[in-house]
Undergrad: 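The structure follows.
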There are 2 protein chains.
Amino acid sequence: MPYDATELKDWQIAELADKNIPTPEQLVEMLALQKDELIPYGRTPKVDFLKVMERLQNRPDGKYIEVTAITPTPLGEGKTTTTLGLIEGLAVRGKNVGGAIRQPSGGPTMNIKGTAAGGGNALLIPMTEFSLGLTGDINDIMNAHNLAMVALNARMQHEANYTDEELAKRNLRRLDVDPKNVEMGWIIDFAAQGLRNIMIGLGGKKDGFLMQSKFGIAVSSELMAILAIAKDLPDLRERIGKIVVAYDKTGKPITTHDLEVDGAMAAWMRNTINPTVCYTAEGQPVFVHAGPFANIAIGQSSIIADRVGLKVFDYHVTESGFAADIGFEKFWNVKSRLSGLKPNVSVLVATIRALKMHGGGPAVVPGRPIPEEYVNENLGLVEKGCANLLHHLKTIQKSGIKPVVCINGFYTDTEAEVKLVKKIVTEAGGRCVLSEHWLKGGEGALELADAVIEACEEEVDFKPLYPLEMPLRQRVDLVAREVYGADGVDWAPEAEAKAKRFEADPAYADFATMMVKTHLSLTHDPTLKGVPKGWRLPIRDVLVYGGAKFLCPMAGTISLMPGTSSDPAYRRIDVDVQTGKVKGLF
Amino acid sequence: MPYDATELKDWQIAELADKNIPTPEQLVEMLALQKDELIPYGRTPKVDFLKVMERLQNRPDGKYIEVTAITPTPLGEGKTTTTLGLIEGLAVRGKNVGGAIRQPSGGPTMNIKGTAAGGGNALLIPMTEFSLGLTGDINDIMNAHNLAMVALNARMQHEANYTDEELAKRNLRRLDVDPKNVEMGWIIDFAAQGLRNIMIGLGGKKDGFLMQSKFGIAVSSELMAILAIAKDLPDLRERIGKIVVAYDKTGKPITTHDLEVDGAMAAWMRNTINPTVCYTAEGQPVFVHAGPFANIAIGQSSIIADRVGLKVFDYHVTESGFAADIGFEKFWNVKSRLSGLKPNVSVLVATIRALKMHGGGPAVVPGRPIPEEYVNENLGLVEKGCANLLHHLKTIQKSGIKPVVCINGFYTDTEAEVKLVKKIVTEAGGRCVLSEHWLKGGEGALELADAVIEACEEEVDFKPLYPLEMPLRQRVDLVAREVYGADGVDWAPEAEAKAKRFEADPAYADFATMMVKTHLSLTHDPTLKGVPKGWRLPIRDVLVYGGAKFLCPMAGTISLMPGTSSDPAYRRIDVDVQTGKVKGLF
């Protein structure tokens with residue numbers, strides 16, 4: 001180490017780094033676990049969440065470090081890479097450190113984006129296991145979720161075929177599902193655009209109930225959203241039973257519990273509460289747990305993984321999906337509030353590339369060559385683009401945190417560009433470091449590690465943006481102004497009517513506010529870069545998730561089922577039949 | 001041990017027997033493995049097939065014992081129970097013994113049948129893991145299979161939206177799929193009748209290709225069929241690429257390889273070649289591997305599991321799904337031919353209940369109380385019903401095996417009934433034992449164990465019913481006459497035309513003949529019990545599976561997607577949130 005990241009592909013580095021994976025015995029020692037707290041699973045064991053938390057309930061928590069980013073280009077700015085690099089750097093400094101990241105979805109892995117678990121010398125291993133199913137949590141969620149849909153459609157069929165008396169013989173009451181008012185769909189963990197809108201139940205009386213239906217990608221499901229925020233097994237079990245599947249013909253919600261399928265769903269998901277252990281390329285443990293979408297869910301690893309991490313590590317690094325206006329805002333006002341865990345510091349990741357884009361650089365399009373402004377020095381674009389960085393810096397400061405700004409270094413960055421960013425951040429009262437973990441691994445992340453260690457010793461008066469008592473519309477207004485920089489919010493009449501209803505109904509008092517907005521701009525329009533001024537946030541609808549307990553004000557469309565492109569990654573993936581090794585992942 | 005099987009439910013016995021599960025260290029010793037040949041996975045590790053076979057390639061195989069049954073009632077006659085009981089009995093006799101059974105499907109487990117892994121004191125543990133996903137093989141198959149459908153539908157969309165030139169830019173040629181001639185469907189591991197016939201791709205140009213489609217249950221898939229017969233990883237990889245997904249508009253087959261998705265499918269399935277280890281209630285190792293349907297596939301555990309079992313055990317017991325006319329016939333003429341492994345003995349399982357049914361007893365209907373003829377002594381029905389038993393006995397003898405007939409004892413059987421069956425079998429030149437493993441575990445199976453040990457010392461001149469050179473129609477005729485007792489075969493004109501085409505085309509020379517027929521009768525009519533005379537077997541169609549290399553002559557309908565009933569098992573399954581234990585499985 002380090003490996004030549006400018007020459008080798010990520011999957012080749014991952015293969016070379018394989019030797020850094022600790023044995024189960026070593027891992028038990030590293031995490032100071034009892035032997036029976038590690039549940040074996042190939043090279044990626046799980047930790048027994050219930051056992052560890054019970055044993056360590058009185059142990060003080062370690063330092064809690066959150067990693068977020070400025071508004072990214074469509075290529076991403078290396079939040080995961082920086083998360084892993086920081087862990088590697090802290091380990092070089094001799095700290096007992098680990099972290100938590102999300103499990104990737106088969107959709108992007110098999111499509112254009114690839115598995116994307118960091119990169120260069122700051123990537124996650126073992127890459128094959130991580131990229132292809134890991135310990136099966138997503139499959140368990142898929143089975144549990146689809147079982148609810150089997151139960152729904154079968155019930156609709158039987159209710160159509162049987163009289164009330166015949167139903168009563170089977171100890172069933174008529175639920176009277178309105179087929180035009182079904183909320184839930186099926187899930188699959190691929191980008192299957194052909195399953196986005198479907199008709200099911202064609203055929204005869206025993207071929208199910210004829211209705212429109214849909215598939216979403218597994219990681220967008222409410223069950224995945226729930227896994228990410230569940231505090232423990234009783235909490236998970238309770239939420240599973242409250243998922244609203246459909247409405248009856250009088251408009252009353254029908255839940256998984258009404259279908260008597262919630263117990264079996266929980267049985268399929270029983271193993272998902274235990275986080276899986278993977279490793280940085282340099283061998284530090286990283287929990288991989290849950291992989292919820294960042295729009296309708298929290299978009300970050302689970303509360304459970306953070307709870308365990310804070311008990312077994314002195315420094316626990318966790319990542320918040322997308323830019324700070326999405327990722328940090330949800331960490332701040334939703335995840336931390338639900339978990340009761342308070343961060344010591346945030347790391348705000350920026351790249352010279354993204355700063356240039358915000359400064360007015362040409363559009364960055366995945367799959368096309370990067371324009372030369374991004375490869376050659378351009379101090380003008382960098383300087384102008386820092387406005388976006390400073391905006392996010394201020395947002396994080398509003399929570400009480402004094403963040404560390406980290407320039408995620410790329411080998412085309414010039415010294416003058418880096419110096420300029422550091423100067424601008426420092427003048428604005430922030431602190432800024434350069435980190436070169438991609439190229440150099442932990443040794444390249446020491447400036448970052450030291451800044452984080454120092455920051456963790458400071459007092460933080462962490463407090464949410466709004467109290468729980470604040471009504472929904474006021475919350476949205478506050479987020480729009482304070483986090484996005486809008487002048488206010490425009491509610492569509494239907495959305496406002498819904499919002500009023502939720503505000504008035506005490507059943508929704510403990511529902512989290514889960515904003516839906518693009519991460520490619522501070523506004524709802526992904527083409528507007530930098531820090532747009534003089535605009536208002538339109539809210540078109542408010543979605544409800546009864547099990548996750550989320551109200552989602554929608555400032556943008558959500559696609560819960562991406563599409564597979566004409567040149568997807570699966571074309572290049574294969575197995576070496578002599579060794580069983582997978583090649584071609586990226 | 002034994003537990004009171006007349007009082008306790010199976011899941012309760014399974015929970016009590018949990019303490020008999022060996023630790024990984026004990027298991028390594030029991031199987032005489034190198035430590036790195038056991039792949040950890042909770043309490044049900046996998047064995048590394050490639051490593052074990054390489055190390056033991058020159059070790060002589062153990063004794064190979066096949067378990068089959070007479071034509072069953074719809075309740076089943078305890079083949080798995082007898083398989084597990086025999087293993088327990090051989091262990092009491094001090095033998096190094098193990099076996100192989102199929103992985104259950106989530107469909108039956110969550111519907112009426114339940115998980116059905118043996119019963120009483122001869123059941124499989126750990127029951128929760130076994131019943132709910134195990135080590136994820138079915139999920140891996142599901143993901144690999146559905147990825148092919150994602151690839152197909154996305155390709156059809158892109159070909160509809162792009163010109164040849166635009167396709168060429170992406171290095172794609174036009175496959176020109178005929179949407180009216182798509183063979184493959186999606187899979188899910190539940191009984192989801194609502195997904196049997198569907199329309200997909202509704203919406204706009206980017207919402208997939210509009211077409212009819214279908215879901216089958218995962219265990220009926222060609223990938224599952226392939227896993228059960230693959231000899232090793234190169235064989236599996238090759239077959240995965242030959243699956244015919246659809247036909248083009250000129251009628252030419254389009255395979256997974258044409259879609260460039262076969263490598264990624266194999267990557268998803270890389271772990272499935274390693275059999276999982278579970279245990280009898282008394283702690284003997286049993287490989288659980290593959291779970292193919294018994295109509296379009298072999299309906300028994302895999303060739304891989306048998307290959308490993310014969311290397312690590314002195315006595316390896318394997319089960320053939322359904323009655324001997326289906327299960328044994330496929331073991332005899334397909335599985336053994338493909339594996340090159342020759343059995344030492346077969347055990348033919350019969351129950352007094354099934355014999356009474358064949359003797360003219362009233363219909364046995366699942367979910368309804370059993371008629372009293374089956375509970376009280378009735379020597380007349382038993383005597384008459386033995387014709388079915390003797391028919392299967394003779395079938396097995398045609399292979400060169402001298403089977404052991406085993407009465408799978410139930411506590412309502414009378415001594416006179418058992419004595420009568422033994423007398424009839426003995427007079428017909430067979431041997432017959434009573435086994436009471438359900439009630440007493442291994443101690444109850446000693447008569448069976450001793451008979452099997454003795455039989456394993458005999459010479460067996462095992463030979464297939466037909467040589468590979470024999471044309472398809474002649475093979476079917478031979479199976480119909482010699483195995484089913486028909487007077488001949490009637491081919492529907494279309495089926496015969498197909499058969500002629502296959503016979504003439506050398507591409508199909510190494511395709512196995514995989515009969516499709518009900519197991520509830522020796523004939524194609526499930527209501528005809530005993531040994532029907534004077535009938536002919538109708539063949540309506542011949543299905544082709546290009547990856548599995550099966551030609552399936554159809555003497556009956558196949559449903560590849562069962563339905564969920566109005567009173568399914570999931571209503572009674574739940575998780576204890578304090579312990580994480582699953583209750584209510586059966």
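Chain letters run A, B, ... following the sequence lines, proteins first and then strands; every chain starts at 1. Atoms considered below: every heavy atom in the structure, side chains included; atoms not considered: hydrogens, waters and symmetry mates. Only a predicted model underlies this, so the values are computations on that prediction, with no experimental measurement involved.
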Undergrad: Sequence neighbours left out, cut at 3.5 Å: what donor-acceptor pairs do the side chains of residues 265-272 of chain B make with other protein atoms?
TA:
from, atom 1, to, atom 2, distance (Å)
B:R270, NH1, B:A267, O, 3.0
B:T272, OG1, B:M269, O, 2.6

Undergrad: For A:S566, which of B:E166, B:R170, B:K169, B:E159 qualifies under side chain to side chain donor-acceptor pair (under 3.5 Å)?
TA: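 Of the listed options, the one satisfying the test is B:R170.
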Undergrad: Just jot down the side-chain hydrogen bond (donor to acceptor under 3.5 Å, both in side chains) partners of B:H158, sequence neighbours excluded, or say none.
TA: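 Checked B:H158 against side-chain hydrogen bond (donor to acceptor under 3.5 Å, both in side chains); zero matches.
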Undergrad: Restricting to non-hydrogen atoms, name the atom on B:P234 and the atom on A:Q578 that form the minimum distance, rounded to 0.1 Å.
TA: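 Heavy-atom minimum between the residues: CG-NE2, 4.4 Å.
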Undergrad: Once rounded to the nearest 0.5 Å, what's the spacing between atom CG of A:D207 and atom CZ of B:R196?
TA: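 Going from CG on A:D207 over to CZ on B:R196, the span is 5.0 Å.
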Undergrad: Among the options A:P568, A:G580, A:A569, A:S565, pick out the one with the most heavy-atom pairs lying under 4.5 Å from chain B.
TA: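 Counting heavy-atom pairs under 4.5 Å, the top option is A:S565.
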Undergrad: So, taking the atom named CZ in A:R571 and the one named CG in B:L259, what distance separates them when rounded to the nearest 0.5 Å?
TA: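 So the gap between those two atoms works out to 10.5 Å.
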Undergrad: Could you check if a side-chain atom of A:N143 sits within less than 4.5 angstrom of a side-chain atom of B:N139, using non-hydrogen atoms only?
TA: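 Heavy-atom side-chain distance check passes, below 4.5 Å.
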Undergrad: Given the options B:L585, B:N171, B:D140, B:D189, which has more heavy-atom pairs under 4.5 Å with chain A than any of the others?
TA: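 Maximum pair count with chain A is reached by B:N171.
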Undergrad: Applying ring-ring contact (aromatic ring centres under 6.0 Å, His included), name anything that partners A:Y570, two or more places apart in sequence or on another chain.
TA: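 Here no residue qualifies.
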Undergrad: For residues A:T564 and B:Q157, determine if any side-chain heavy atom of one lies less than 4.5 Å from a side-chain heavy atom of the other.
TA: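 A side-chain contact is absent here, since even the closest heavy-atom pair is not under 4.5 Å.
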Undergrad: Does anything in residues 39-49 of chain B get under 4.5 Å of chain A by heavy atoms, and if so which residues?
TA: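 Residues of residues 39-49 of chain B touching chain A at under 4.5 Å: B:I39, B:P40, B:Y41, B:G42.
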Undergrad: Name the member of A:L195, A:L38, A:L152 that forms the most heavy-atom pairs with chain B at distances under 4.5 Å.
TA: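 It is A:L195.
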Undergrad: Is there a side-chain contact between B:M110 and A:V261 in this structure, where contact means two heavy atoms from C-beta onward sitting under 4.5 Å apart?
TA: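 No, every pair of side-chain atoms sits at 4.5 Å or beyond.
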Undergrad: Quick check: are there more than 12 heavy atoms from other residues, nucleotides or ligands sitting under 6.0 Å from NZ of A:K583?
TA: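 Check passes, neighbour count above 12.
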Undergrad: Given that the side chain runs from C-beta out, which part of B:N161 has a heavy atom under 4.5 Å from chain A: side chain, backbone, both or neither?
TA: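 Neither the backbone nor the side chain of B:N161 comes within 4.5 Å of chain A.
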Undergrad: Would you mind checking which part of B:L50 comes under 4.5 Å of any heavy atom in chain A, side chain (CB onward), backbone (N, CA, C, O), both or neither?
TA: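 B:L50 touches chain A through side-chain heavy atoms alone.
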